[in-house]
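Remarks on the structure that follows.
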Amino acid sequence: MSFAAAEARLNASIMRNLANAVAVIGQRDVPVIFDSEYTVGSVGVARMGAAEPQMVLATSDVPADFVDSTVLVDGVTWRVRERQPDSQLATGLTLVILEQP
């Protein structure tokens, strides 16, 4: 088995066992690790987000035109604000920063 094939199997296993949410990307259900659910806070009269919602998914599940697209995570619609470079996480996993549309 090649290194790339072993890496793909390991990442698929990680996502199957650690995923806490399902994202609909295009027409596919993709297991993700979702973190920092968005909540609205306020400081005086100003309103602001209290967290930076994000998800981790297998790089192979990330479309090329992912930034500025929308995804559905456990029934909630999010806009993809940013895709971190693959080097930010273990090889084969991608961190995606989300925001409410």
Results of side-chain contact (heavy atoms from CB on, under 4.5 Å) for Ser60 - residues two or more places apart only: Ala58

Close side-chain approach of Thr94 to Val56, heavy-atom, < 4.5 Å: no

Atom pair CG/CG of Asp29 and Leu72 - distance to nearest 0.5 Å: 9.0 Å

Value rounded to 0.5 Å, distance of CD1 in Ile14 from CG in Leu57: 13.0 Å

Residue list, side-chain contact (heavy atoms from CB on, under 4.5 Å) with Ser69, at least two apart or on another chain: Phe66, Val80

Expected list for residues 16-25: side-chain donor-acceptor pairs under 3.5 angstrom, two or more places apart:
{"unit_1": "Asn17", "atom_1": "ND2", "unit_2": "Ser13", "atom_2": "O", "d": "2.8"}
{"unit_1": "Asn17", "atom_1": "ND2", "unit_2": "Ser13", "atom_2": "OG", "d": "3.4"}
{"unit_1": "Asn20", "atom_1": "OD1", "unit_2": "Phe34", "atom_2": "N", "d": "2.7"}
{"unit_1": "Asn20", "atom_1": "ND2", "unit_2": "Phe34", "atom_2": "O", "d": "3.0"}

Heavy-atom check, side chain of Trp78 versus side chain of Glu99, under 4.5 Å: no

Residue pair Arg83 / Val62, side-chain heavy-atom distance below 4.5 Å: yes

Gln54 and Gln84, any side-chain heavy atoms less than 4.5 Å apart: no

Any pair counted as salt bridge (charged side-chain N to carboxylate O under 4.0 Å, His left out), so long as it reaches residues 60-78, sequence neighbours left out: Arg28-Asp61, Asp68-Arg79

Minimum heavy-atom distance Val73-Met55, with the two atoms named: CG2-SD, 4.1 Å

Minimum side-chain heavy-atom gap Glu52-Ile97 below 4.5 Å: yes

